[in-house]
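Only one structure is covered here, and it is reproduced in the block below.
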Amino acid sequence: MSGLQFLGTGSYVPDFVADNDRFSQILDTSDEWIYPRTGIKKRQLAVDKPNYYMGTEAAKDALKSAGITADKIDLIIVSTCTPDFFYPAMSCLIQKRIGAVNASCFDVNSACTGFITAMDIAHKFLETDKYKTILIVSSEKLSSQQDYTDRANCILFGDAAGAVVVAKSDGQFSSFLGAEGDEFDALYCKVNYQSNCPWFKDEDEFYENRFDTFAKKNYLYQDGRAVYKFAVNAMADAVNHVSEQIGIAPSELDLVIPHQANLRIIAKATELLGIPEEKVYTNIEYMGNVSSACIPVGIDELYKSGRLKRGMKLCLVGFGAGLTYGSIIMET
Ligand code: ACO
């Protein structure tokens, strides 16, 4: 089986900075509460830009970094759980804006696991040899789904986009994707269709009274403690799966880029795996949780700073709404 290599990476982070003090001006909260529990000091919000704008800018940055023109892209895969439109797919909007005239397009949504899912799909497409160059964009505008009176959740999330251009390689590659749909109501954001269909059923009956008031207002809802509990074991399981497939111990990895939901989750999961702190990349302190964009933004930061080198054993691991989880080990 062949591997996958990065030809180029890119990202876009909006200008508006919301640090913890800004939240304490609108909510009963403080840096003293937020930082020790989450590891977050600030996050950036796309207050004047749609999600597809961020995705397009990250895509352009990745093409520039790869040194190729958009017409060389055979496929665009976008991961997002915060699209601007139900349809068309955001990949089509980005295709138009960058001029990727030869690309097929589709989106995936496995929430924060989205980038790992997209990488796994890209790897399988590259294996067919019909697709040579694939653009993956993970773009998330979590601010559009927050209730800014809900201090337990809105302080966690930021907005950003990350992108990579990938092609086949002869390095090692191993992936694992898991899901536990039983726990879907631990973390969700319901679509509010506002239908004027005269025969539409009462919403409570329709949804079996499962969802609380946040959901009715189409805001993100999460049971933070349930997600926390799931996340630690799911991340450790996912890394163990791919390590076994490739025949190494997690401690032999060169670099791990985990999903950035909570610094304590990352610390606990990597401790369980015996991975030393210096091999674990985090940017949650200044980015917050940007869902599926966390990992590709991290890849871009590492790639452009020269820390991500050829031949490294890189591990990506994440979890998110679904609940989903997954991991990849690739030789860069
Ligand atoms: N400021 C001050 N007090 C707060 C805040 C806040 N921002 N938020 C909650 N509190 C209060 C609560 O009201 C509660 O008060 P009470 O005891 O008087 O009732 C108390 O703090 C404890 O609240 P908990 O929710 O139990 O706090 P917890 O210690 O569990 O931390 C947190 C909350 C940080 C959200 C944690 O549960 C967590 O990180 N969970 C995982 C979240 C996660 O990883 N989500 C993934 C999202 S990925 C995706 O797919 C979108």
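Computed over heavy atoms, backbone and side chain alike; hydrogens, waters and symmetry mates excluded. The structure presented is a predicted model; accordingly, all values stated were derived computationally and were not measured.
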Item to check | Any residue meeting salt bridge (charged side-chain N to carboxylate O under 4.0 Å, His left out) with Asp170, in chain and number order, not counting sequence neighbours | outcome: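 If we apply the salt bridge (charged side-chain N to carboxylate O under 4.0 Å, His left out) test to Asp170, skipping adjacent residues, there are no hits.
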Next on the checklist: Run the salt bridge (charged side-chain N to carboxylate O under 4.0 Å, His left out) test against Asp120 and tell me which residues pass, sequence neighbours left out.
Outcome noted: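 Applying salt bridge (charged side-chain N to carboxylate O under 4.0 Å, His left out) to Asp120 gives Lys124.
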Output all residues satisfying side chain to side chain contact (heavy atoms under 4.5 Å, CB included) with [X], sequence neighbours left out; order by chain, then residue number.
{"X": "Ala267", "value": "none"}
{"X": "Thr332", "value": "Leu308, Met312, Leu314"}
{"X": "Ala18", "value": "Phe16, Arg22, Phe23, Arg43, Leu45"}

Next on the checklist: With salt bridge (Lys or Arg N to Asp or Glu O under 4.0 Å) as the rule and sequence neighbours excluded, what pairs involving residues 273-297 come up?
Outcome noted: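 The answer is none; no pair qualifies.
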Checklist entry - Which heavy atom in Asp150 sits nearest to a heavy atom in Leu27, and how many Å separate them? => result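 Smallest heavy-atom distance, with atoms named: N-CD2, 4.5 Å.
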Item to check | Non-neighbouring partners of Phe115 that pass ring pair (Phe, Tyr, Trp, His ring centres under 6.0 Å), sequence neighbours left out | outcome: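 Per chain and number, Phe115 pairs via ring pair (Phe, Tyr, Trp, His ring centres under 6.0 Å) with no residue.
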Item to check | By ring pair (Phe, Tyr, Trp, His ring centres under 6.0 Å) - contacts of Phe106 (at least two apart) | outcome: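 Per chain and number, Phe106 pairs via ring pair (Phe, Tyr, Trp, His ring centres under 6.0 Å) with Phe125.
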Quick one: side chain to side chain donor-acceptor pair (under 3.5 Å) pairs with a partner in [range], sequence neighbours left out?
{"range": "residues 317-329", "result": "Thr113-Thr324"}
{"range": "residues 223-234", "result": "none"}
{"range": "residues 75-96", "result": "Asn51-Thr80, Asn51-Thr82, Ser79-Ser138, Ser79-Ser292, Thr80-Thr82, Thr80-Glu140, Thr82-Glu140, Ser91-Asp107"}

Using atom types as modelled and distance alone, determine if a side-chain donor or acceptor of [X] lies under 3.5 Å from a backbone N or O of [Y].
{"X": "Glu127", "Y": "His123", "answer": "no"}
{"X": "Gln145", "Y": "Ser143", "answer": "no"}
{"X": "Ser65", "Y": "Thr9", "answer": "yes"}

Checklist entry - Are the charged groups of Lys41 and Asp31 less than 4.0 angstrom apart, N to O? => result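 Looking at Asp31 together with Lys41, the answer is yes, because their closest N to O distance falls below 4.0 Å.
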Checklist entry - Between Asp74 and Lys130, is there a salt bridge with N-O shorter than 4.0 Å? => result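 Salt bridge flag = no for Asp74 with Lys130.
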Checklist entry - Mind checking what makes side chain to side chain donor-acceptor pair (under 3.5 Å) contact with Asp71, not counting sequence neighbours? => result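 By the side chain to side chain donor-acceptor pair (under 3.5 Å) rule, Asp71 matches Thr69.
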